[in-house]
Amino acid sequence: MSETVATPPEIPTRPEVPAWKLVLTLGIAGALAGLLLVFVDQATREQIAENRRKAVREAVGEVLGGPAKVVSFAVGADALVREAEPNYEVDTVALNRVFAGYADEEGKQLLGFALAYQRTGFQDAIRVIFGYDPRTKKVLGVKVLEHKETPGLGDAIEKEPFLGPIRGQVVDLVPVKPGDGTGTEHEVDTITGATISSQWVVWIINEAVAKAGPRIDAWLAQAEGGR
Amino acid sequence: MSDPTRSETLFRGVWRENPVMIHMLGLCPALAVTNTVMNSIAMGMATLFVLTGSSLLVSTFKRFIPHEVRITTYILIIATFVTIVDMSLAAWTPGLHKALGAYIALIVVNCMILGRQEAYASKQSVGRALLDALGTGFGFIIALVMMGAVREILGSGSFLGVSLFGDNFEPWLVMVLPPGGFLALGFWLLGLNWWTQRRERRAAEGAA
Amino acid sequence: MSDSLFGILIGAMVVNNFTLYYFLGLCPFMGVSGRIATAVRMGMANIFVLTLTSISAWILNNFVLPHAPFLRVISFIVVIASLVQIVEMAIKKLSPTLFRQLGIFLPLITTNCAILGLAIFQTNKAYGFFEGLFYAIGAGLGLTLALVLMASIREETDRADVPRIARGMALVLIIAGSLSLAFMGFAGLLSSA
Amino acid sequence: MSMKLPRLLVTASPHLKGPASTAKIMWHVTWSLLPVWGVAIWWYGPSAFLVVVAATAGCLLPERLFGKRGSLNDGSCVITGILLGLTLPPGIPLWMAFVGGFFSIAFGKLVFGGLGQNAFNPALLGRAFLQASFPVALTTWPAGGGEWWRLRGDNFALPLMRGDPADTVTEATPLALMKWDRESEAAQALGVDDLVFGMTGGSVGEGAAIVILLCGGYLALRNFLNWRIPASIFLSVAVFSGLLHLIDADRFASPQFMLFSGGLMLGAVYMATDMVTSPVTNRACWIFGFGIGFLTIVIRTWGGLPEGVMYAILLMNALVPFLNRWTQPRVFGTGRKKGAPA
Amino acid sequence: MRALSLFRHGVHPPDHKTLTAELAVKRMPFPARVVLPLSQHAGNPARCIVKVGDHVERGDKVAEADGYVSVPIHASATGTVSEIGLWPHPNGGYQPAVTIDVDPYSAQTRRQRLLPDWESLDQGALVKAVQEAGVVGLGGAAFPTHVKLVPPEGRKVTTLLVNGCECEPYLTTDHRTMVDYPERVHLGIRIMLECLGVKRALVGIELNKADAIQRMEETKPADLDVEIMGLRVRYPQGAEKMLIQSLLDREVPSGGLPADVGVIVQNVASIATIAEAFETGLPLIERIVTVTGNGVKKPANLIVPVGTILEDLIAACGGLTDDAAEVVLGGPMMGTACANLQAPVMKGTTGVVVLTKSEVRSREQQPCIRCGHCLDSCPVFLNPQLLGNLAKNDEIQEMTDNHLWDCMLCGCCSYVCPSNIPLSQMFAAAKDSARRAQASKA
């Protein structure tokens with residue numbers, strides 16, 4: 001096999017173009033492209049950000065069972081930092097933000113916290129948001145934000161038959177095979193055929209609680225103590 | 001070479017020189033996002049938009065683009081259109097944007113688009129370039145829908161989201177998974193080969 | 001939970017193989033996979049460019065793009081293309097042998113979706129410098145693996161009496177589909193427990 | 001001078017022919033599968049019979065339609081069908097077994113040009129296709145016990161429709177127990193004896209380890225399979241799982257367990273040794289088997305799936321041309337060996 | 001005595017030797033005519049020096065050597081040259097040959113010696129005399145023996161190997177030579193050692209010829225450094241390279257000669273013939289031929305005048321049976337089939353094996369299933385599977401890169417192939433076309 005590099009014959013008729021012309025062409029093209037993009041960006045940026053926030057906002061509302069008021073907290077090094085306005089930019093890798101939902105407008109009746117967290121599934125990350133009541137350690141509601149599990153199989157983790165029964169269970173959750181449960185309030189029935197995917201959801205909840213739980217508890221103790 | 005008619009310019013890319021089925025170009029999106037017909041159409045439309053837009057620009061300004069930097073310029077133009085599509089989809093159809101994911105940005109490196117600029121738009125009039133881009137783009141959409149149809153019907157038992165076989169249908173999940181992409185295109189090619197070869201044989205028999 | 005570097009490497013290499021799972025880098029996969037020797041060199045060139053891409057994408061992401069995220073696609077493609085060009089010229093000058101081995105593949109790779117795909121995925125996953133590096137190497141190894149497997153199978157099937165309707169790309173796609181099926185065995189590797 | 005002369009033939013040398021023939025090899029393998037099938041029927045009842053028949057029918061159809069003339073007689077198709085059937089759960093709807101068989105032969109063999117030219121083991125490719133298509137049906141393992149005549153699942157589900165899960169009493173396979181339910185009573189109670197002699201949840205042909213070994217031994221003695229492949233698979237599985245078991249006996253299952261659980265026996269003896277898709281050189285056979293064992297343990301231990309034999313074999317199938325190329329025998333009179341006398 | 005076999009692979013076909021192994025060598029009656037092809041040996045054909053009508057006596061030269069790698073041909077019976085022209089050749093087709101009508105009234109007696117007494121000759125003259133006697137390798141290849149007696153420049157031969165393996169099934173020529181004429185073999189060895197200036201000789205005999213081993217041991221002269229060695233029964237034990245490896249554990253380098261490892265190999269029948277020639281003074285005009293197989297009525301080991309037409313030879317053995325289907329000259333593994341029984345016996349014809357219909361029923365070729373049995377059988381460690389695949393696609397260059405030239409066409413791969421792929425035939429054809437390509441390039 002010969003792999004000599006064949007230099008294509010120069011086309012003799014093409015006139016030499018001065019370098020400044022090349023640079024100018026690229027410059028103009030680049031500038032025009034940039035200009036166009038800035039314009040489109042201006043038109044779409046807010047909408048895109050809003051779409052993202054909306055997704056999280058709706059999810060928070062869903063897993064907390066429709067709170068009247070939501071407060072966001074940045075997860076600090078050792079404590080939760082309350083934010084003035086609810087901020088829905090979440091980083092599910094770092095678990096940078098949790099949300100507290102209240103049943104009343106004044107923020108008196110705490111419904112629970114919403115936590116968004118992720119881990120690697122079969123192919124890619126599974127991102128889950130769930131509501132959690134720090135006082136009873138109960139899960140309030142679960143929603144899968146994003147996953148790439150097998151369609152038709154692993155994607156059962158985003159469906160009600162699996163997620164519904166998790167509601168009301170107490171962390172630490174223990175995944176069990178359907179029918180094998182002993183009836184304790186820690187148990188979650190996994191999905192036949194998608195056992196691992198469903199176990200991952202359970203682990204995500206456990207890990208998220210393990211990670212942010214102490215800070216939530218601390219905040220709660222402070223808030224209730226201060227009252 | 002005789003000058004092809006306008007309709008030839010338009011229809012050539014649609015079927016006879018279909019970018020995916022015949023020339024094997026743009027395979028990456030053709031395999032990656034065709035697990036439903038809707039995704040196929042969306043991806044096809046996005047590509048059509050980028051292709052038509054850049055063909056128009058390139059053929060309009062072909063006089064001013066020096067040969068030495070033409071590829072870079074084409075890429076710049078294509079990338080601009082792709083970014084526009086990307087942001088627009090993200091803003092107004094977030095669901096679709098999520099389904100297509102990074103593959104929208106990857107339209108930039110779809111060899112079909114760059115190929116059309118280099119081979120056609122940079123040499124022809126604006127009108128012809130437009131026809132050619134439309135033809136090729138529709139050809140691309142057709143190919144993607146062909147893929148999407150097979151994959152969605154078998155893989156989800158539905159077409160454009162409408163269930164075809166009732167609730168008890170057992171979907172062939174493999175078709176919506178990556179292997180299904182390869183297999184579906186392989187299956188189409190087998191069929192097309194069978195068809196063309198049969199036609200050739202018939203023609204040969206007719207001639208004899 | 002963040003993945004270990006080894007996990008990222010293995011993940012990019014076999015679990016989410018760029019070619020067989022993400023359909024990236026299909027042009028060389030279909031075009032250059034006729035011979036093992038060529039496939040190996042193509043793979044090497046790919047690893048090299050992917051690594052380079054990962055580094056430049058990291059630099060862009062951290063120092064340039066925070067100010068203008070809408071320029072991401074454009075800047076990735078332009079920077080990568082020119083970088084590869086420069087490296088190509090440098091190799092040509094410094095080591096003609098290496099150039100003969102890898103050089104002719106470099107221009108092919110520049111407009112290869114795997115390269116841009118890597119840059120975008122790396123950005124989406126918010127990988128740091130070393131994570132990105134391992135991701136790139138894993139992806140490159142995965143591409144090489146797929147290329148070499150494909151090439152060695154094709155060297156066999158070139159001599160087989162493949163039926164007329166399956167000759168050419170149809171068979172290649174079915175082989176690729178089979179490989180992709182086989183690679184499904186790696187699903188979830190290192191991510192359970 | 002006239003001697004009555006018969007018409008004489010002229011053929012090329014050698015004029016003698018060894019006893020082996022392709023059809024003989026294939027039919028021997030087929031016969032040797034019958035005891036395995038028999039044990040399966042004894043355990044899983046009519047379902048085991050039906051599933052294998054459906055898979056075989058699925059294999060025969062495309063071969064008859066698109067194959068070369070007379071290629072049905074070489075027996076290879078029947079082997080593919082029976083092997084595919086043996087790897088399926090007994091309760092699977094028959095139409096799925098049929099589809100799997102069809103895919104095996106049409107896409108796993110005929111597109112490559114028929115017998116001898118395919119790159120992947122057709123039966124396993126069909127199995128992988130089914131596994132990817134119908135993961136739930138393919139991982140629904142019926143429990144033992146009950147009346148022998150009872151079907152072990154909704155075998156007669158209508159084509160394209162899903163089986164009725166209510167018909168099935170399921171049970172986890174030992175490997176699944178070991179992977180996800182290690183603490184459970186069922187896992188604790190599981191002994192290697194059960195794996196070797198007893199009936200555990202699993203595919204049609206999984207339980208008959210001893211019979212498979214005996215039949216494989218017979219085939220190896222007759223040189224109808226290369227003994228190096230199963231030998232190296234067993235060896236590498238034993239070594240790798242043994243090492244892991246030594247490191248942490250609580251986390252990693254014992255080598256005996258790894259050897260006798262899942263489809264390892266069937267895979268090592270009948271699938272990996274498929275002549276077409278295994279290497280031709282003996283050195284490559286060792287590497288091939290070693291690779292299968294290693295990948296099996298990797299997938300079983302760290303992968304997302306409980307069982308990896310099938311994928312391990314398919315992956316190594318893909319490597320076979322490469323292995324063949326790199327293990328060419330040293331031709332007589334070349335290389336380092338002593339040349340001139342001292 | 002040790003049972004040696006250091007060569008690996010090979011095959012073990014049923015040997016069918018019992019048909020003739022116990023039958024002592026007998027002389028066949030002179031036929032009505034003999035036909036002497038001018039091309040009976042490897043190298044240049046001999047040049048005819050008689051004309052039609054000439055009267056020739058037994059042992060008279062009818063054709064002389066044309067060059068160094070060539071030997072003369074002698075009349076094998078007293079009679080008249082009746083025809084010089086094309087005649088069916090055992091290898092197929094027609095080739096120039098001298099036909100002698102045998103004088104029915106001649107006594108065909110032994111005549112005064114034509115060759116000098118060997119003890120009076122020096123090395124060079126001895127080699128010349130061997131050429132003059134028309135001796136070629138009688139094991140089948142018919143390579144002129146005198147050429148082998150002069151090792152190439154720079155190679156020192158230290159050992160003479162005598163090949164008494166006769167690993168081909170059916171044949172018992174060498175076997176009976178060793179049983180019936182062991183003294184002659186030992187004398188031949190003595191002459192060869194003298195000729196080569198070598199002290200030591202090893203005789204390799206397969207263990208299925210116990211009587212031959214015993215007779216050779218019994219008659220071994222005390223002053224001769226000869227060792228008789230039993231070898232495992234395995235085809236192709238008698239191939240030069242395999243024999244050298246089994247007896248001495250040396251590998252002849254690829255493309256090299258036995259002399260490269262200090263060895264020369266001679267077939268036992270050739271050695272006996274040299275001894276006989278110097279004993280009787282007559283050149284090589286007759287040889288022992290095994291006529292055997294289930295297709296022949298009375299199998300026998302016969303001393304046959306070179307040039308005897310196959311039809312006569314077979315008639316002398318009772319004729320063909322009704323189900324005879326194929327006549328093979330030489331052993332069934334490497335011999336060539338011959339459909340024209342007018343073809344004559346040549347110097348290199350070791351045997352005539354007649355196979356019956358049931359033994360040669362043609363087997364349908366099937367696709368290769370990559371079982372690898374051919375690799376396990378190839379004595380020189382080729383990859384016949386790969387080579388066959390390349391041959392099918394006419395990739396001759398690739399084949400030569402994969403050591404096509406090391407193939408000795410022993411037929412083991414074809415023998416074991418379950419799919420009946422005629423591998424060795426394909427390799428022979430490939431070698432031919434490679435040779436042609438080389439020739440046209442040159």
Side-chain angles (χ1 to χ4, degrees), chain A residues 8 10-56 58 122-125 127 144-156 158 193-194, chain B residues 32 35-36 39 53-54 57-58 60-99 101-102 108 151-152 154-158 169-180:
Chain A
E10 289 295 325
I11 302 157
T13 51
R14 199 175 296 285
E16 188 76 11
V17 185
W20 64 265
K21 209 167 170 186
L22 302 183
V23 175
L24 188 69
T25 316
L26 282 181
I28 293 174
L32 284 175
L35 220 63
L36 191 59
L37 287 182
V38 168
F39 173 70
V40 178
D41 181 52
Q42 291 302 323
T44 56
R45 173 181 288 201
E46 195 36 53
Q47 184 65 40
I48 294 172
E50 175 55 27
N51 286 340
R52 205 164 42 226
R53 284 194 297 270
K54 192 174 146 213
V56 176
E58 282 172 358
F122 263 110
Q123 305 287 1
D124 218 326
R127 299 171 66 216
V144 177
L145 290 173
E146 195 178 343
H147 72 92
K148 292 258 168 57
E149 301 305 282
T150 320
L153 187 66
D155 68 355
E158 61 179 17
Chain B
N35 46 12
T36 66
N39 286 355
S54 16
L57 271 188
V58 167
T60 312
F61 294 108
K62 59 180 179 287
R63 237 176 263 281
F64 308 104
I65 302 172
H67 186 255
E68 286 77 1
V69 292
R70 67 190 196 291
I71 301 285
T72 323
T73 319
Y74 301 158
I75 290 181
L76 257 176
I77 294 173
I78 296 168
T80 310
F81 278 104
V82 169
T83 313
I84 293 173
V85 170
D86 192 19
M87 291 192 290
S88 316
L89 284 179
W92 294 300
T93 54
L96 217 46
H97 185 260
K98 197 170 152 189
V108 178
R151 296 181 70 182
E152 189 180 342
L154 280 178
S156 318
S158 60
F169 177 75
E170 174 84 45
W172 302 32
L173 292 179
V174 70
M175 297 314 290
V176 295
L177 297 175

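Chain naming here is simple, since letters A, B, ... match the order of the sequence lines and numbering starts at 1 in each. Atoms considered below: every heavy atom in the structure, side chains included; atoms not considered: hydrogens, waters and symmetry mates. Everything numeric here is computed off the predicted structure, so don't read it as measured data.
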Exercise. Tell me, for B:L177 versus chain A, whether the close heavy atoms (under 4.5 Å) come from the side chain, the backbone, both or neither.
Key: side chain
Quiz item: Between A:T44, A:N51, A:I48, which is the residue that forms a side-chain contact (heavy atoms from CB on, under 4.5 Å) with B:W92?
Solution: A:T44
Quiz item: For B:L76 and A:G30, which heavy atoms make the closest approach, and how far apart are they?
Solution: CD1-N, 3.9 Å
Self-check item: Partners meeting side-chain hydrogen bond (donor to acceptor under 3.5 Å, both in side chains) with B:T93 (sequence neighbours left out)
Solution: none
Quiz item: What distance separates B:T80 OG1 from A:L35 CG, expressed to the nearest 0.5 Å?
Solution: 11.0 Å
Quiz prompt | Proximal component of A:L26, with respect to chain B [non-hydrogen, under 4.5 Å] | solution = both
Quiz prompt | Sequence neighbours excluded - salt bridge (Lys or Arg N to Asp or Glu O under 4.0 Å) pairs with any residue from residues 69-78 of chain B | solution = B:R70-B:E118
Practice problem: Drop me the distance from B:I77's CD1 to A:L36's CG, to the nearest 0.5 angstrom. | Solution: 11.0 Å
Exercise. For atom CZ of B:F169, decide whether the heavy atoms of other residues, nucleotides or ligands shown that lie under 6.0 angstrom number more than 12.
Key: yes
Practice problem: Could you tell me the separation between the CZ atom of B:F61 and the CG atom of A:L32, rounded to the nearest 0.5 Å? | Solution: 7.5 Å
Quiz prompt | Within-4.5 Å side-chain heavy-atom neighbours: A:V40 and B:T83 | solution = no
Exercise. Output the distance between atom CD (A:Q42) and atom CE (B:M87), rounded to the nearest 0.5 Å.
Key: 9.5 Å
